[in-house]
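Accompanying notes for the structure given below.
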Protein chains: 2
Amino acid sequence: MSAAERRVALARAALTVVDRDGVHAATTRAIVAEAQMPLGSFHYAVPSRDELLRDVVELVVADEGDAALAGLLGEAVDPRDAIRRTLTAYLDHVRAQPGREQAMFELTQYALRSPELDDLPAEQYARYHALAAEVLTAAETHLGIRWTVPVAELARLVVTITDGVTLAWLADRDDAAAERTIDLATAALAPFAASA
Amino acid sequence: MSAAERRVALARAALTVVDRDGVHAATTRAIVAEAQMPLGSFHYAVPSRDELLRDVVELVVADEGDAALAGLLGEAVDPRDAIRRTLTAYLDHVRAQPGREQAMFELTQYALRSPELDDLPAEQYARYHALAAEVLTAAETHLGIRWTVPVAELARLVVTITDGVTLAWLADRDDAAAERTIDLATAALAPFAASA
DNA sequence: GCGCGTCTGGGACACTTGTCCAACTTCGGG
DNA sequence: CCCGAAGTTGGACAAGTGTCCCAGACGCGC
């Protein structure tokens, strides 16, 4: 097994640990235990723990992107329906993997505090915003509408809402309240769609 | 100095440390150093570190409440203006004390991972939602309007938006983008206000 | 003055952490 | 066959952690 293979295996194991027990529990020993490797392998495959966490963040962002794009089901023709379905699909994703979603936030904030990783969050959110913009643009052609405000700005608002909904749900696990918030957000966003 | 006084002093010192260096840096030694106490005083004043963090969370929530209510300036008569002013006031608060705001998120997520504190976040967010509802209701009488959707639901959406805006700004520190998001959110929320 | 409960604080304990190292195995090309 | 590079691994280290303890100081009612 090459050093490069070990590195990606360790990153995956680290994500599993962070998902299950949080960032503060992702010690080198916990990670190698999850990957079923001896401790010595760690610093042979990766220079430092922070370096590995950088890989983990990129792993999370990639996964998040897949989930977001997968939620785009073209069943709805009504823009209102499309918005609600997409937001609900995201909420379902959060409820299915709460640890993963929390890990995302923990990693972002850990990175912000670490001098060697504090450039990551900006990149991470740029990726999210670009992703949301992509989905919104796809929705334009797909639904035969156009957004009456710049897609980039709307994308940021959408990410704002998904982040906020996720945070509140993680805190109180109130499914019904989260769904009502999504309904309300849908009603608030729908007016930005005009028929092309 | 009584044990109770020591405890609140330690909570304040802990918040200072979390604000400056993050939750993971808030060790017992760092906290007593900030409070200028000997290490032995710590476990005389408070049973455990987690117990103190519980105090810190309540401290943060209280501070947050003061900030939210302080932002409610009755200059605007237009509901649209009132919404934008309030959201902008919150953003200003975040920009003035970014560490404090990040500490809030870090504490919430730390609490979620800790078996002895995992009841805190629900309470914390219930307080936020109640606070937002309070502000919204005050706005009704103050502006002579009424909200066309239940205040409790609108309150949750408002907290969702402030949380989301804060997270994104902490990540990329893009002032202009955050303000555009607030403008857009204002446009999205304004239609929920009807003249009473 | 005295005794006792409250407070003080320095030191220690057991444990975990990230990182490193030196010895060991494996294996492909000359 | 052999040798050197790549891979492997158990153990060690220094630093840092939460928590505890005990000898002492203080202050106040009797």
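Since the structure is predicted, the reported quantities are computational estimates derived from the model, not experimental observations.
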Looking at A:Ser41, does any N or O in its side chain come under 4.0 Å of the phosphate oxygens OP1/OP2 on D:dT8? no

Whole Å only: how far is the CG atom of B:Leu39 from the P atom of D:dT19? 11 Å

Should the pair A:Arg80-A:Asp183 be classified as a salt bridge under the 4.0 Å nitrogen-to-oxygen rule? no

Output the rounded distance in Å from NE2 (B:His43) to C1' (D:dG18). 6 Å

Lys/Arg-Asp/Glu bridge criterion (N-O < 4.0 Å) met for B:Glu58, B:Arg54: no

Given DNA chain C, 5'-ward residue of the pair B:Met37 and A:Ala25, judged by closest heavy atom: B:Met37

If the threshold is 4.0 Å, N to carboxylate O, is there a salt bridge linking B:Arg95 and B:Glu179? yes

Is a donor-acceptor pair below 3.5 Å formed from side chain B:Arg29 to base D:dG18, judging by atom type as modelled? yes

Which of the following nucleotides, C:dG18, D:dT9, D:dT19, is nearest to the side chain of B:Arg49? D:dT19

Take atom NE2 of A:His24 and atom P of D:dG18, then tell me their distance rounded to the nearest Å. 12 Å

Quick one: do B:Glu34 and B:Arg20 make a salt bridge, cutoff under 4.0 Å? yes

Of A:Tyr44 and B:Ala26, the one whose closest nucleotide on DNA chain D sits nearer the 5' end is A:Tyr44

